[in-house]
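Some notes on the structure that comes next.
Predicted model only: the values in this text are computed from it and were never measured.
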Amino acid sequence: MAKVELKKPVVDEIAENIKDAESVILVHYSGITVEADTQLRKEMREAGITYKVYKNTMMNFAFKDTPCEPLSQHLEGPNALAISKTDATAPARILSGYAKKAPTVKMLAGVVEGSYYDEKSVAALATIPSREELLGKLLGSIQSPVANLARVLNQIAEAKAE
């Protein structure tokens with residue numbers, strides 16, 4: 001069997017994973033312990049993120065003619081992909097928090113909702129709260145005036161009852 005035939009399933013797997021993904025983050029992961037890597041993978045899995053190490057050449061072939069093509073310029077050294085199909089900011093948030101514990105882990109670049117982001121932009125993306133957090137804050141801000149009005153009306157009613 002030719003080498004190309006052996007590599008094609010891997011390239012197809014990467015292409016399938018990045019297709020319709022909300023975000024794809026390229027991560028430089030060298031210098032971490034097995035224990036730390038296992039913890040990172042567990043956290044990613046729990047968030048519904050595909051985190052996998054692939055050969056750079058395989059990623060390069062899979063990125064061709066996709067929105068992820070600009071990531072090819074960063075394919076040097078030991079790299080992994082963090083792919084989320086549902087939450088655009090989750091991989092960046094988790095990796096950013098993890099990079100504080102293990103400074104050798106570094107987000108190189110990413111493609112979020114079809115747009116390329118460099119290292120600084122991906123780091124800024126990590127500061128955006130999740131969709132659930134944003135909805136919670138919105139709901140809280142909507143409920144706050146209503147709760148205050150109810151409290152004031154209750155105090156007026158109590159004052160007239162005395």
Side-chain angles (χ1 to χ4, degrees), residues 1-139 141:
M1 191 182 265
K3 285 185 177 184
V4 173
E5 292 173 15
L6 294 172
K7 294 176 181 180
K8 182 147 177 48
V10 178
V11 172
D12 290 343
E13 176 188 340
I14 299 167
E16 185 61 35
N17 282 338
I18 64 174
K19 188 177 86 177
D20 302 326
E22 287 287 317
S23 67
V24 178
I25 307 292
L26 186 65
V27 183
H28 183 76
Y29 70 91
S30 71
I32 60 173
T33 65
V34 172
E35 182 182 318
D37 188 51
T38 304
Q39 180 63 33
L40 173 63
R41 288 173 187 269
K42 179 178 182 271
E43 215 173 310
M44 292 285 204
R45 209 174 19 256
E46 288 170 355
I49 300 166
T50 304
Y51 177 77
K52 198 162 182 188
V53 175
Y54 293 107
K55 286 190 171 190
N56 290 336
T57 54
M58 304 295 170
M59 287 190 276
N60 194 27
F61 285 127
F63 292 163
K64 289 254 188 283
D65 301 324
T66 69
C68 295
E69 195 164 6
L71 296 178
S72 297
Q73 63 187 322
H74 302 286
L75 294 176
E76 200 172 291
N79 296 314
L81 284 178
I83 305 164
S84 177
K85 299 252 184 197
T86 55
D87 187 350
T89 61
R93 264 194 332 273
I94 293 171
L95 287 165
S96 176
Y98 193 77
K100 291 174 185 166
K101 297 180 226 169
T104 56
V105 174
K106 186 170 108 175
M107 294 183 287
L108 298 174
V111 173
V112 179
E113 295 177 344
S115 299
Y116 170 77
Y117 290 87
D118 63 2
E119 184 179 349
K120 289 180 182 176
S121 300
V122 171
L125 185 70
T127 63
I128 298 173
S130 70
R131 183 174 191 270
E132 290 76 26
E133 287 178 59
L134 290 173
L135 288 174
K137 288 179 181 181
L138 176 65
L139 184 61
S141 65

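The shortest distance between side-chain heavy atoms of Tyr54 and Asn17 falls below 4.5 Å. Here the side chains of Ile94 and Tyr51 are not in contact, with every heavy-atom distance at 4.5 Å or above. Between Ser23 and Glu113, the closest side-chain pair of non-hydrogen atoms is not below 4.5 Å. With contacts defined as side-chain heavy-atom distances shorter than 4.5 Å, the pair Val24/Leu81 qualifies. Contact of the Met59 side chain with the Leu71 side chain is not registered, since no non-hydrogen atoms from C-beta on lie closer than 4.5 Å. Contact of the Val122 side chain with the Leu26 side chain is not registered, since no non-hydrogen atoms from C-beta on lie closer than 4.5 Å. Looking at heavy atoms from C-beta onward, Met44 lies out of side-chain contact with Arg41 at the 4.5 angstrom threshold. Between Val10 and Lys55, every side-chain heavy-atom pair lies at or beyond the 4.5 Å cut-off.
Applying the 6.0 Å contact sphere to NZ of Lys106 captures no more than 12 heavy atoms from other residues, nucleotides or ligands. The number of heavy-atom neighbours closer than 6.0 Å to CD of Glu46, taken from other residues, nucleotides and ligands shown, is above 12.
In this structure, Thr104 contributes its side chain and Ser30 its backbone to a donor-acceptor pair below 3.5 Å.
Of all the heavy atoms in Asn79 and Val53, the pair that sits closest is O-CG1, 3.6 Å. Between Ser121 and Asp118, the closest heavy-atom pair is OG-OD1, 2.8 Å. Ile14 and Ala62 make their closest contact through CG2-CB, 3.4 Å (heavy atoms, listed as atom of the first residue, atom of the second, distance). Scanning both residues, Ala88 and Val112, for their nearest heavy atoms gives CB-CG1, 3.7 Å. Across all non-hydrogen atoms, the minimal contact from Ile83 to Ala21 is CG2-CB, 3.6 Å. Tyr98 and Asp37 get closest at one heavy-atom pair: OH-N, 3.5 Å.
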Discussion item. Side chain to side chain contact (heavy atoms under 4.5 Å, CB included), that's the test. Do Tyr29 and Leu40 meet it? Break it down for me.
Written reply: CA-CA 11 Å; Tyr29 70 91; Leu40 173 63; over 6 Å; no
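Note that CZ of Arg93 is 11.0 Å distant from CD1 of Ile25, once rounded to the nearest 0.5 Å.
Applying the side chain to side chain donor-acceptor pair (under 3.5 Å) definition to pairs two or more places apart or across chains, those involving residues 67-78 are Asn60-Ser72, Gln73-Tyr116, His74-Tyr116.
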